[in-house]
Structures are given as C-alpha cells and as structure tokens.
Amino acid sequence: MNLENLLPKEWHEFLELPLGYFETLNVALQNEVLNPNLENIFATFAIMPSQVKVVILGQDPYPNVQDAMGLSFSIPKNSQRIPGSLRNIRKELETDLQIQMEELKDLTPWLDQGVMLLNQILTTRPGESLAHKKIGWEDFTKRVVQRLAQNGAIFILWGKRAQEFSFYIPEDQVISGVHPSPLSANRGFFGSKPFSNCNNKLMARGLAPINWKS
C-alpha cells in the first residue's frame, strides 16, 4: 500500500503535502480489502487543481463493490441498480433545469467539465459503510477543501456531514442543503435548485456553466 504513488503529482504540489503524509493511512489500510479498488481511490483527482470549478462533497464510497468508482454519488454505466440518492439527484436535476433524462449513473462527464466529485472518506470495506472513518481521510479531505476554497471553487454540501466543511469555505462559495438520501430528500432537497444556483454563481464569476445533463 503506497497512497503517495497513487495521487497525481500535480495534487501533491497543490496541496503541499509533506513527505510521508500518507504514512498513517498506508498503515491503517495495508491489510484491508478496499472499496473502491486501489486504482480508483483517487479517481476524482484525475481533474487537475486549476480545472476545478465545483466540488460536490459526498460521505464515503458506496458499500457495493459494483457501484463504488471513486467519484461521489456516481456509479458505473453497467450498474443494474441505481442508489436512492442518485435517483433523487436526477429528479431534482429535471425539476431544477426543466430537462428530461433517461437515467443518471456515471457522472464522469461532470468531472470532465470541472466538477470534482469528492468523498470525505475515500475508502471503505466492501459491504460496509464508514468502515474507514477517522483513520485520516477526513484530514486529507479538509486540506483539499481548504486549498480549493482558496482557489475560488463553488462547493455543494448536502447533509450535515458535508456541511461540517463549510467552516473552511467562504460563505458566497457554498450551496448548502438537505441530503438527497431517500430518508431526507423530502425535507428540503427537492426544490432546492442546487444546479441552477451553482451555474448562476459560476456565471457571476465569468465562468462557463456546467452542462449537468451531459
């Protein structure tokens, strides 16, 4: 296990990570079966720091091995079952932007437009949620959030866990709301218009809006 070699060089430099930064995480994870697999842990870091316009902050990977792909809320195109949160994100997208979508699974096209899909905890055990809570991932995520906030990124924070990171972000760069989980979506996620609000913030900064339908 060597996370140092998996994170792209550009991110090491942007985050100013000291030598041996991942040592504690390497030790904690060395005997673990990881979800997502090793090559996808840092999948969302395929986008370069200078390209990040928006960050959607999730909790941790889907527990199902077939679903976790290293991008928050996203699942592979060939997944048979769509998680409830992703179904609700699609519903709000359609209402917010007055569009129709056949399905919403792989969110890689968002990543390609500058939307970083970042989980607070980047790994878990197959079949188990939050298995790798408080082993060091949250500190890493905090560092990522702080640096991207300084760069002017817009943050979409759904639910209390994500909103804990708002302390590190200027207020005008935050879109905060209820989590899209089926347990909470009816308490204010639906009708919150996060996608149009995000595009309005981007355009106010002279940046191109996100094509959320792609």
Side-chain angles (χ1 to χ4, degrees), residues 35-36 40 43-47 52-122 124 129-130 141 144-145 148 153-166 169 173-203 207-214:
N35 196 36
N40 285 326
T44 197
F45 292 87
I47 184 175
V52 178
K53 300 194 295 186
V54 180
V55 179
I56 297 180
L57 194 61
Q59 179 176 279
D60 71 332
Y62 290 119
N64 296 334
V65 174
Q66 298 85 352
D67 293 339
M69 57 183 295
L71 307 178
S72 62
F73 296 103
S74 182
I75 60 174
K77 291 179 181 178
N78 61 359
S79 292
Q80 298 301 308
R81 173 188 164 276
I82 301 177
S85 292
L86 194 54
R87 288 200 307 271
N88 288 337
I89 288 171
R90 173 194 164 185
K91 289 178 183 177
E92 179 58 21
L93 260 174
E94 291 184 328
T95 302
D96 183 3
L97 302 180
Q98 299 180 347
I99 57 176
Q100 291 296 316
M101 303 177 69
E102 291 185 7
E103 62 181 19
L104 190 65
K105 290 184 178 181
D106 187 350
L107 305 181
T108 301
W110 293 1
L111 187 72
D112 295 338
Q113 295 183 72
V115 181
M116 190 176 196
L117 299 159
L118 177 66
N119 278 318
Q120 299 161 44
I121 303 164
L122 274 64
T124 191
S129 295
L130 296 173
T141 304
V144 175
V145 168
L148 290 174
I154 305 300
F155 287 79
I156 297 178
L157 307 178
W158 289 323
K160 292 181 179 179
R161 286 186 180 273
Q163 288 160 13
E164 290 173 0
F165 287 81
S166 64
I169 311 165
Q173 292 170 223
V174 174
I175 295 170
S176 184
V178 173
H179 196 278
S181 162
L183 296 174
S184 56
N186 286 316
R187 301 174 194 163
F189 175 74
F190 293 129
S192 61
K193 300 184 182 297
F195 306 103
S196 59
N197 287 341
C198 181
N199 279 348
N200 288 338
K201 284 182 179 289
L202 290 173
M203 289 187 290
L207 298 173
I210 305 300
N211 177 9
W212 298 104
K213 190 176 181 180
S214 69

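Nothing fancy with the numbering, it's 1 onward along the sequence.
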Are T141 and I121 close enough, and set up right, to give a side-chain contact (heavy atoms from CB on, under 4.5 Å), and what steps lead you there?
-> CA-CA 8 Å; T141 304; I121 303 164; over 6 Å; no

Would you check if I82 and R90 make a side-chain contact, meaning some heavy-atom pair closer than 4.5 Å?
-> no

Please round to the nearest 0.5 Å and tell me the distance separating atom CD of Q98 and atom CG of D96.
-> 8.5 Å

List the atom of P63, the atom of S129, and the distance in Å for their closest heavy-atom pair.
-> CG-OG, 3.8 Å

Out of curiosity, H179 NE2 to N88 CG, how far, rounded to the nearest 0.5 Å?
-> 10.0 Å

Are the side chains of L118 and F165 in touch, meaning some heavy atoms are under 4.5 Å apart?
-> no

I169 CD1 to I154 CD1 distance, which is reported to the nearest 0.5 Å | 9.5 Å

Hey, are the side chains of N35 and Y62 touching, using non-hydrogen atoms and a 4.5 Å cut-off?
-> no

Within the side chain of Q120, is there an N or O that forms a donor-acceptor pair under 3.5 Å with the backbone of G58?
-> yes

Check whether any side-chain heavy atom of L107 sits under 4.5 Å from a side-chain heavy atom of L86, and report yes or no.
-> yes

Do V145 and V55 pass the side-chain contact (heavy atoms from CB on, under 4.5 Å) test, and can you show the C-alpha distance, the side-chain angles, and the key distance before you say yes or no?
-> CA-CA 8 Å; V145 168; V55 179; 5.7 Å; no

Heavy-atom check, side chain of V144 versus side chain of F45, under 4.5 Å | yes

R81 and P83 have their tightest heavy-atom pair at O-CD, 3.5 Å

Approximate separation, where rounding is to 0.5 Å, of L117 CG and T108 OG1 = 8.0 Å

Grab the two heavy atoms, one from M101 and one from E94, that are nearest each other, plus how far apart they are.
-> N-OE2, 2.8 Å

Side-chain contact, heavy-atom cut-off 4.5 Å: S196 with L97?
-> yes

dist M69:CE -> K77:NZ (nearest 0.5 Å) comes out at 9.0 Å

Where A68 and P36 come nearest, the two heavy atoms and their spacing = O-CB, 3.9 Å

Flag, side chain of W110 to backbone of W212, donor-acceptor distance under 3.5 Å = yes

Distance (rounded to the nearest 0.5 Å) between I47 CD1 and K53 NZ | 9.0 Å

Got a donor-acceptor contact below 3.5 angstrom from the Q163 side chain to the G177 backbone?
-> yes

Can you tell if the side chain of T124 reaches within under 4.5 Å of the side chain of L130, non-hydrogen atoms only?
-> no

Give the minimum heavy-atom separation between F190 and K91, together with the two atoms involved.
-> CE2-CB, 3.9 Å

Side-chain heavy atoms of F195 within contact of C198, under 4.5 Å | no

For E92 and F189 the tightest heavy-atom approach is CB-CE2, 3.5 Å

Apply the side chain to side chain contact (heavy atoms under 4.5 Å, CB included) test between F73 and each candidate in L57, N119, L104, I56; give the one that qualifies.
-> I56

